Peer 1: 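Please read through the structure below; I'll follow up with questions.
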Amino acid sequence: MIRDPARLERLLADTRRFVRERAIPNEDRVEQEDRIPDDLVTDMRRLGTYGWSIPEQYGGAGLTTEELALAFMELSQASVAFRVHGATNAGIGSEAIIQDGTEEQKRRWLPRLASGEVLGCLALTEPEAGSDATSLQATAVRDGDHYILNGTKRYITLAPMADLFQVFARSDPANKGAGGVSAFLVERGTPGLATSGSTPKMGQEGAPIGEVHLKDCRVPAAAVIGGEPGRGFKTVMKVLNKQRINLAALCTGPAIRMLDEAVGYARERRQFGKPIGEFQLVQAMLAESRIEIEAARALILETARKRDRGEDVTMDVSMCKYYATEMCGRVADRVVQVFGGQGYVKGRGIERFYRDVRAFRIYEGTSQIHLLNIAKHLLR
């Protein structure tokens, strides 16, 4: 659903300009400093990336699912760190509030999330609860008009720097399933909430992950997202149903960028007296990459349109997430091969993308979990 094609094209053009003129020239700087410099954060705030998916009445752009996918494909052609910092608020950083928040929660938080004044994060994963999200060990015990939260969250994107945490914890110990989970909004600075530093990882420098520690963290009952306990698991599934389309689009941008780099290199790099792009086996790797990118793009946009029409896309989003993330990994591998030694050493940025995109097949549902989800829907 594209509401105003001219307006959308202006946004996409502005995003391309930011990626080309500001983000790409600073990729090495971001990796070295392991942070997005303040001047680039200001640029992304001006571009509006933080509020792309937040409704217009709360200060965002209110992009439809299809519009957001197209915008993410453009933004993610720069280092992954830019989209993590500048667009998490346009995905899992705000979606729980958009989907199920009370009007008061929306008025309080969405404008600040849309502007980038506040960074949000989704605190779901735990040391013993990853793919099986219903096995949460974090607890939320009712104490009058408050809840006392205890537990540890792990691998939480932006945890070391986030301002607002959407925390999922078991509020009904008698209910070991999804119905016993509630979602809470917890501000940084709340007594009992602490975060680790940035967890060292394979790639995605500038996009920190870390742990969230809750020890007798006391929050008001009004912090329950939607004001009703026991709905947390349903809320996070709504978030992920949309975010998996977003992530599929965010995997397609890096693949587009890597292929563009490979095509340029195949034209300039000479062996045996001619450009390597004239060798058929190199041509095959480039052609296979383009085919897979276009297949992913078509699947993502059709799924986004179905969601915008109000159709059930539970199986479709798993197909998108699985195919796009696996596709991106295959493209990255081929592009390293096209570059040869230049793809393995630092300097051209190819090895950075190769490391960065590996996480796509793990977070927000591993490839294997999505295959199981697709199969379950087929067999019903």
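Numbers here simply count residues along the sequence, with the first being 1. All values reported here derive from a predicted model rather than from experimental measurement. Computed over heavy atoms, backbone and side chain alike; hydrogens, waters and symmetry mates excluded.
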Peer 1: How about N373 and S318: does a side-chain donor come under 3.5 Å of a side-chain acceptor?
Peer 2: yes
Peer 1: Decide if atom CD of E311 counts as having more than 12 heavy atoms of other residues, nucleotides or ligands within a radius under 6.0 Å.
Peer 2: yes
Peer 1: Would R309 and E302 pass as an ion pair if we require N to O under 4.0 Å?
Peer 2: yes
Peer 1: Does a side-chain N-to-carboxylate-O contact under 4.0 Å join E103 and K106?
Peer 2: no
Peer 1: Between E261 and R257, is there a salt bridge with N-O shorter than 4.0 Å?
Peer 2: yes
Peer 1: Do NZ/NE/NH1/NH2 and the carboxylate oxygens of R22 and D43 come within less than 4.0 Å?
Peer 2: yes
Peer 1: Atom OG1 of T157 and atom CG of L124: how far apart are they, to the nearest 0.5 Å?
Peer 2: 11.5 Å
Peer 1: Got a salt bridge between R334 and E292, using NZ or NE/NH1/NH2 to carboxylate O under 4.0 Å?
Peer 2: yes
Peer 1: Is it the case that over 12 heavy atoms from other parts of the model lie below 6.0 angstrom from the CD atom of E21?
Peer 2: yes
Peer 1: If we ignore hydrogens and angles and just use 3.5 Å, is the side chain of R170 paired with the main-chain N or O of N175 as donor and acceptor?
Peer 2: yes
Peer 1: Drop me the distance from F184's CZ to L149's CG, to the nearest 0.5 angstrom.
Peer 2: 5.5 Å
Peer 1: So does Q105 get a backbone contact from the side chain of T102, meaning a donor-acceptor N/O pair under 3.5 Å?
Peer 2: yes
Peer 1: Just by modelled atom types, is the E211 backbone N or O under 3.5 Å from a matching donor or acceptor in the S196 side chain?
Peer 2: yes
Peer 1: Quick check: does any side chain N or O of N246 sit under 3.5 Å from a backbone N or O of F72, one acting as donor and the other as acceptor?
Peer 2: no
Peer 1: Testing the basics here: between G232 and F168, what is the closest heavy-atom pair and its distance to 0.1 Å?
Peer 2: O-CE2, 3.3 Å
Peer 1: ring-ring contact (aromatic ring centres under 6.0 Å, His included), that's the test. Do Y363 and Y155 meet it? Break it down for me.
Peer 2: CA-CA 9 Å; Y363 55 48; Y155 310 137; over 10 Å; no
Peer 1: Using a strict cut-off of less than 4.0 Å between a Lys/Arg side-chain nitrogen and an Asp/Glu carboxylate oxygen, indicate whether R7 and E56 qualify as a salt bridge.
Peer 2: yes
Peer 1: I'd like to know whether E66 forms a salt bridge (charged side-chain N to carboxylate O under 4.0 Å, His left out) with R305, so could you lay out the CA-CA distance, the side-chain angles of the two residues, the decisive distance to 0.1 Å, and finally the verdict.
Peer 2: CA-CA 6 Å; E66 182 180 3; R305 291 170 190 139; 3.0 Å; yes
Peer 1: Do the side chains of L185 and L136 join up, straight or via other hydrophobic residues, at under 4.5 Å, putting them in one cluster?
Peer 2: no
Peer 1: Do K321 and E364 pass the salt bridge (charged side-chain N to carboxylate O under 4.0 Å, His left out) test, and can you show the C-alpha distance, the side-chain angles, and the key distance before you say yes or no?
Peer 2: CA-CA 9 Å; K321 201 278 181 180; E364 295 182 30; over 6 Å; no
Peer 1: Check R352 with D28, please: is the shortest side-chain N to carboxylate O separation under 4.0 Å?
Peer 2: yes
Peer 1: Looking at D39 and R29, does any basic side-chain N land under 4.0 Å from a carboxylate oxygen?
Peer 2: yes
Peer 1: If you draw a 6.0 Å radius around OH in Y323, do more than 12 non-hydrogen atoms from other residues or ligands fall strictly inside?
Peer 2: yes
Peer 1: Hey, is E67 close enough to R3 for a salt bridge, meaning N to O under 4.0 Å?
Peer 2: yes
Peer 1: Evaluate Y50 against H85 for side chain to side chain donor-acceptor pair (under 3.5 Å), listing each step before the verdict.
Peer 2: CA-CA 8 Å; Y50 297 89; H85 192 292; 3.0 Å; yes
Peer 1: What pair of heavy atoms forms the shortest contact from N89 to S94, and how long is it?
Peer 2: O-OG, 2.5 Å
Peer 1: Which is it for D14 and R17 under the salt bridge (charged side-chain N to carboxylate O under 4.0 Å, His left out) test, yes or no, and what are the steps along the way?
Peer 2: CA-CA 5 Å; D14 289 343; R17 189 176 306 111; 2.8 Å; yes
Peer 1: Within this structure, what is the NE2-CG distance for the pair H213 and N150, rounded to the nearest 0.5 Å?
Peer 2: 13.0 Å
Peer 1: Kindly compute the distance separating CZ (R358) from CG (D333), expressed to the nearest 0.5 Å.
Peer 2: 11.0 Å
Peer 1: Has Q283 got a side-chain atom pairing as donor or acceptor with G277's backbone, closer than 3.5 angstrom?
Peer 2: yes
Peer 1: Is the side chain of E205 donor-acceptor paired with the backbone N or O of E33 at a distance under 3.5 Å, no angle test?
Peer 2: no
Peer 1: What are the two closest non-hydrogen atoms of R270 and P275, and how far apart are they?
Peer 2: NH1-CD, 3.4 Å
Peer 1: Please check if L68 and M44 belong to a single hydrophobic cluster, counting links between Ile, Leu, Val, Met, Phe, Trp and Tyr side chain heavy atoms closer than 4.5 Å.
Peer 2: yes
Peer 1: Enter the distance from T252:OG1 to F360:CZ here, rounded to the nearest 0.5 Å.
Peer 2: 9.5 Å
Peer 1: If the threshold is 4.0 Å, N to carboxylate O, is there a salt bridge linking E268 and R348?
Peer 2: yes
Peer 1: Are K238 and E95 within salt-bridge range, i.e. N to O under 4.0 Å?
Peer 2: no
Peer 1: Tell me whether R355 is salt-bridged to E31, with the criterion being a basic N under 4.0 Å from an acidic carboxylate O.
Peer 2: yes
Peer 1: Using only atom types and a distance under 3.5 Å, with no angle test, would you say the side chain of Q166 pairs donor to acceptor with the backbone of G93?
Peer 2: yes
Peer 1: Around atom CZ of R267, are there more than 12 heavy atoms of other residues, nucleotides or ligands at under 6.0 Å?
Peer 2: no
Peer 1: For Q204, is there any backbone N or O sitting under 3.5 Å from a side-chain donor or acceptor partner on D356?
Peer 2: yes
Peer 1: Please answer: with hydrophobic residues joined when any side-chain heavy atoms are less than 4.5 Å apart, are L110 and V186 in the same cluster?
Peer 2: no
Peer 1: Taking all non-hydrogen atoms of both residues into account, name the closest pair between N241 and I245 and its distance.
Peer 2: O-CG1, 3.8 Å
Peer 1: Kindly indicate whether a cation-pi arrangement holds for K274 with F279, taking the cut-offs as under 6.0 Å to the six-membered ring centre and within 45° of the axis.
Peer 2: yes
Peer 1: Stepwise, does the side chain to side chain donor-acceptor pair (under 3.5 Å) test hold for T65 with D308?
Peer 2: CA-CA 6 Å; T65 314; D308 285 338; 2.7 Å; yes
Peer 1: Within a radius of less than 6.0 Å around CG of L378, do more than 12 heavy atoms belonging to other residues, nucleotides or ligands occur?
Peer 2: yes
Peer 1: Are E104 and R108 ion-paired here, with the side-chain N under 4.0 Å from a carboxylate O?
Peer 2: no
Peer 1: Which atom pair, heavy atoms only, marks the closest approach of T199 to G210?
Peer 2: OG1-CA, 3.5 Å
Peer 1: Indicate the ring-plane relationship of F339 and Y265, choosing parallel, tilted or perpendicular according to the 30° and 60° boundaries.
Peer 2: parallel
Peer 1: Kindly say whether T125 contributes a backbone atom to a donor-acceptor pair with the side chain of K153 at under 3.5 angstrom?
Peer 2: no
Peer 1: Please check: side-chain N/O of T49 versus main-chain N/O of G86, any donor-acceptor pairing under 3.5 Å?
Peer 2: yes
